Amino acid sequence: MKQQRDTIFVPAGSAELLSILGMTHHTMITPDETDGQFTALVVDIPPECGPPMHSHATDSEFFYVLDGTLTLSDPDGDIEAGPGDFCFLRAGGSHAFRNATDRPVRALVVVTPGGDAHRFFKSVDETIRHEVDMPLLAELADRSGIALTS
């Protein structure tokens with residue numbers, strides 16, 4: 001990362017990599033680096049992978065699909081999103097996403113303000129490596145203002 005007075009530049013290949021429930025998060029910028037405004041990630045989602053339905057107390061997210069087809073879900077149903085599609089997920093609302101295909105998905109994800117989500121991602125990367133322990137995942141989520149809703 002190169003930081004100047006009005007610019008933060010993150011060269012290709014220099015993002016922090018986190019392993020989250022089988023996905024790879026390329027953390028481009030953290031809330032600490034944006035004065036608590038947001039965190040930005042590029043997320044690689046392998047086939048048949050994604051988190052359970054959940055809600056964030058304070059964080060809103062947006063997904064911009066770069067490659068593949070991503071299924072975004074909320075209590076009203078599923079939406080299939082492809083390259084160039086954009087989806088906004090409101091704080092407090094329940095949602096999930098999943099790669100239901102046999103090809104990888106890549107998406108740009110911005111979370112605002114992002115502090116809770118970033119803390120959760122770091123704790124999952126440090127704690128859950130292989131098989132997902134759902135009670136532990138729920139505990140880590142709860143500590144970060146995230147509720148598993150199904």
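The basis for the numbers below is simple: all heavy atoms, side chains too, and nothing from hydrogens, waters or symmetry mates. The structure displayed is predicted, hence computed values, not measured ones.
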[X] [atom1] to [Y] [atom2] distance, which is reported to the nearest 0.5 Å:
X	Y	atom1	atom2	result
L18	L41	CG	CG	8.0 Å
D59	F120	CG	CZ	11.5 Å
D102	T69	CG	OG1	10.0 Å
D74	M53	CG	CE	6.5 Å

Q) Yes or no on side chain to side chain contact (heavy atoms under 4.5 Å, CB included) for D85 and I79, after CA distance, side-chain angles and deciding distance? A) CA-CA 11 Å; D85 288 339; I79 298 169; over 6 Å; no
Linked, directly or transitively: [X] and [Y] (ILVMFWY side chains, under 4.5 Å):
X	Y	answer
M1	L108	yes
L70	L21	yes
I29	F62	yes
V43	F38	no
I20	L136	yes

Testing the basics here: between [X] and [Y], what is the closest heavy-atom pair and its distance to 0.1 Å?
X	Y	value
A15	M28	CB-SD, 3.5 Å
A81	V65	CB-CG2, 3.8 Å
A91	S60	N-OG, 3.0 Å
L137	V132	CD2-CG1, 4.1 Å
T27	H118	CG2-CE1, 4.1 Å
M23	P51	CE-CD, 4.0 Å

Distance-only, no hydrogens or angles: does the [X] side chain make a donor-acceptor pair with backbone N or O of [Y] under 3.5 Å?
X	Y	value
E126	S123	no
T101	R103	yes
N99	P46	yes

Between [Y] and [X], is there a side-chain heavy-atom distance shorter than 4.5 Å?
X	Y	value
L148	M134	yes
V105	F97	no
K122	E16	yes

Q: Output all residues satisfying salt bridge (Lys or Arg N to Asp or Glu O under 4.0 Å) with R143, sequence neighbours left out; order by chain, then residue number.
A: E139
Q: Please lay out, stage by stage, how S73 and R98 fare under the test side chain to side chain contact (heavy atoms under 4.5 Å, CB included).
A: CA-CA 8 Å; S73 304; R98 182 166 196 77; over 6 Å; no
According to side-chain contact (heavy atoms from CB on, under 4.5 Å), who are the partners of [X], at least two apart in sequence or on a separate chain?
X	value
R106	H26, V42, D44, L66, D67
S55	S94, A147, T149
P11	F9, S14

Q: Go through the steps for T39 and T34 under the test side chain to side chain contact (heavy atoms under 4.5 Å, CB included), then give the verdict.
A: CA-CA 8 Å; T39 189; T34 64; over 6 Å; no
With a cut-off of 3.5 Å and sequence neighbours excluded, list every side-chain donor-acceptor pair involving residues 110-117.
residue: T112; atom: OG1; partner: Q37; partner atom: O; Å: 2.8
residue: D116; atom: OD1; partner: R119; partner atom: NH2; Å: 2.3
residue: D116; atom: OD2; partner: T58; partner atom: OG1; Å: 2.9

Q. Parallel under 30°, tilted from 30 to 60°, perpendicular over 60°: which one fits the rings of H56 and H95?
A. parallel
Q. Under the side chain to side chain donor-acceptor pair (under 3.5 Å) test, which residues partner D142, sequence neighbours left out?
A. none
